[in-house]
Amino acid sequence: MEEKVVFITGGSSGIGRAIGVFLKSKGHIVVGTTRYLDQKKSDSAIELVSMDVTNNSSIKSAISTTVEKHGRIDVLINNAGIGITGPVEETPGSEINRVMKTNFSGPVQVIQAVLPYMRQAKKGLIINITSIAGYMGLPYRGVYCASKGALELITEAMRIETKDFGIHITNLAPGDFATNIADGRFHAPVKENSPYREAYKNTLDNINAHVELGSDPIEVGRKVLKIMETSNPRIHYKVGKRSQKMSVFLKHILPDKWYERLLINHYKL
Ligand SMILES: NC(=O)c1ccc[n+]([C@@H]2O[C@H](COP(=O)([O-])OP(=O)(O)OC[C@H]3O[C@@H](n4cnc5c(N)ncnc54)[C@H](OP(=O)(O)O)[C@@H]3O)[C@@H](O)[C@H]2O)c1
């Protein structure tokens with residue numbers, strides 16, 4: 001495979017960093033982004049540029065700097081994202097907006113910034129890192145699920161809109177991977193007098209245990225490379241444990257209420 005210029009949002013840690021290191025080891029030119037360039041540049045395994053997905057001018061500047069330096073962007077990996085947990089009723093509107101901006105409208109603006117270059121080149125690949133949680137409404141993770149589900153759907157629309165431009169857009173939904181995502185996640189506090197108190201607390205313990213026992217993010221890097229090597233990528237990909245991928249399949253085939261019952265049982269609610 002010829003050398004590609006790959007731009008990864010959120011290349012400073014976790015899944016983004018693992019994808020970057022893996023693709024670099026395969027001979028590709030990799031540029032990742034961070035909001036904290038001064039702190040993270042010196043010990044980064046990949047080239048980093050400054051970018052905040054919630055700030056459109058920083059998106060445009062990071063993309064144009066990369067194109068000026070490397071001549072093009074062949075592959076965009078829209079990976080930057082944050083977590084959030086809490087009963088929807090008790091989640092502050094400001095936090096809901098922050099998550100939707102980081103996980104949905106920000107990534108869409110990154111695509112808007114990169115598309116003109118890809119259209120001019122008449123080729124390009126965009127991989128949106130969504131989540132298996134984006135296929136279902138998980139309790140106490142409703143805002144996160146909605147942000148990732150929204151990115152999945154807009155990708156479907158954009159694929160059709162861009163189909164004549166030689167550009168491929170796809171979703172890659174990971175299951176649980178061992179990263180620092182829980183540290184940066186907004187946790188609505190477990191309130192003493194909340195009607196959700198016990199159920200939320202138990203669910204939170206369950207969610208955190210899953211991320212800690214998550215797979216090695218290098219697996220996502222391997223999957224990304226496979227997609228890059230495919231001439232006509234699929235609309236949706238999943239990566240992770242078999243049981244997590246199976247949960248999406250079950251959602252498709254089971255009656256809604258059976259599936260809801262499975263979730264209630266799984267979370268012991
Ligand atoms: N870990 C999992 O189990 C899992 C499962 C499914 C999906 N995912 C998705 O995978 C992606 C990566 O998550 P991760 O687990 O690797 O988490 P992570 O280790 O916390 O990494 C998050 C990355 O996103 C960047 N980021 C956060 N907010 C940003 C913003 N406003 N602008 C630009 N960059 C921002 C961070 O960069 P800086 O802080 O350096 O700016 C960091 O590089 C996310 O989209 C997440 O939703 C993760």
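Every number for a ligand or one of its atoms is a count from 1 in the order of the listing. Note that the numbering runs from 1 along the sequence shown for the chain.
Cluster annotation: Val75 is not connected to Ile167 through the hydrophobic network of ILVMFWY side chains, with a link wherever side-chain heavy atoms come within less than 4.5 Å.
Residues lining ligand 1 at a heavy-atom distance below 4.0 Å are given as Gly10, Gly11, Ser12, Ser13, Gly14, Ile15, Thr34, Arg35, Tyr36, Lys40, Met51, Asp52, Val53, Thr54, Asn79, Ala80, Gly81, Ile82, Thr102, Ile129, Thr130, Ser131, Tyr144, Lys148, Pro174, Gly175, Asp176, Phe177, Thr179, Asn180, Ile181, ordered by chain and residue number.
When each of Ile19, Val5, Leu23 is checked for a side-chain contact (heavy atoms from CB on, under 4.5 Å) with Val30, only Leu23 meets the rule.
Of the possible donor and acceptor atoms, none in the side chain of Asn128 sits under 3.5 Å from a partner among the backbone N and O of Thr130.
Relative orientation of the His252 and Tyr135 rings is perpendicular, given thresholds of 30° and 60° on the angle between their planes.
Using a 3.5 Å distance cut-off with no hydrogens or angles, the side chains of Thr85 and Tyr200 do pair a donor with an acceptor. For the 3.5 Å distance criterion, the side chains of Tyr196 and Glu90 fail to qualify, holding no donor opposite an acceptor.
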